[in-house]
Amino acid sequence: MKLGLGAVNGKNIGAYSLQMTKVTPDEGTTHGLVSLDSGATWVNHGGGIPGGGTVLIAYAGSAGGMVPTAHTSITADIRVVTAIDKGSNLPLTQKIPLDGLLTFELVYL
């Protein structure tokens with residue numbers, strides 16, 4: 001999912017997306033799962049962080065598991081990927097503030 005970076009003079013500045021990388025569980029191995037139906041079913045998660053508040057991300061108890069399991073801690077890097085519109089579409093003679101916002105919510109299943 002792409003999220004906006006704001007606008008200047010009525011023109012969109014660009015967009016960004018987030019990815020979770022280097023996921024490390026408290027013990028053992030894991031891999032990411034994603035649910036689009038409030039946790040009723042789970043599929044492999046590719047690492048991108050979707051927005052909208054309806055998608056759940058969880059972690060399995062093994063590298064090939066398809067069921068979320070309890071963890072004391074999961075550590076991950078969050079990578080920000082940005083795309084800025086071409087200069088001819090932006091007023092480059094002034095400062096252009098980037099204005100992106102995303103809220104993470106931790107849900108205990």
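To the nearest 0.5 Å, atoms OG1 (T41) and CG (L36) are separated by 7.0 Å. Note that CG of N89 is 12.5 Å distant from CD1 of I84, once rounded to the nearest 0.5 Å. Expressed to the nearest 0.5 Å, how far OG1 of T82 lies from CG of L3 amounts to 12.5 Å.
Contacts classified as side chain to side chain donor-acceptor pair (under 3.5 Å) and involving residues 5-19 (residues at least two apart or in different chains) are given here: Q19-R79.
A single hydrophobic cluster is not seen to contain both L101 and L5; linkage of ILVMFWY side chains at heavy-atom distances under 4.5 Å, directly or through other members, places them apart. Criterion: ILVMFWY side-chain heavy atoms under 4.5 Å apart, direct or through other members. Under it, I74 and I78 are part of a common hydrophobic cluster.
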If you apply the rule side chain to side chain contact (heavy atoms under 4.5 Å, CB included), what do you find for D99 with I13, and how did you get there? CA-CA 9 Å; D99 185 16; I13 297 167; over 6 Å; no

Derivation of the side chain to side chain contact (heavy atoms under 4.5 Å, CB included) call for V34 and L56: CA-CA 6 Å; V34 64; L56 297 175; over 6 Å; no

Please step through side chain to side chain contact (heavy atoms under 4.5 Å, CB included) for the pair L33 and I57, ending with a clear verdict. CA-CA 6 Å; L33 303 172; I57 299 172; over 6 Å; no

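In this structure a side-chain-to-backbone donor-acceptor pair under 3.5 Å is present from T30 to A60. In this structure a side-chain-to-backbone donor-acceptor pair under 3.5 Å is missing from H45 to H31.
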Solution key, residues 20-27 side-chain donor-acceptor pairs under 3.5 Å, sequence neighbours excluded:
from: D26; atom 1: OD1; to: H71; atom 2: ND1; distance (Å): 3.2
from: D26; atom 1: OD2; to: T72; atom 2: N; distance (Å): 2.7
from: D26; atom 1: OD2; to: T72; atom 2: OG1; distance (Å): 3.3

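In this structure the side chain of V55 never reaches within 4.5 angstrom of the side chain of S35, judged on heavy atoms.
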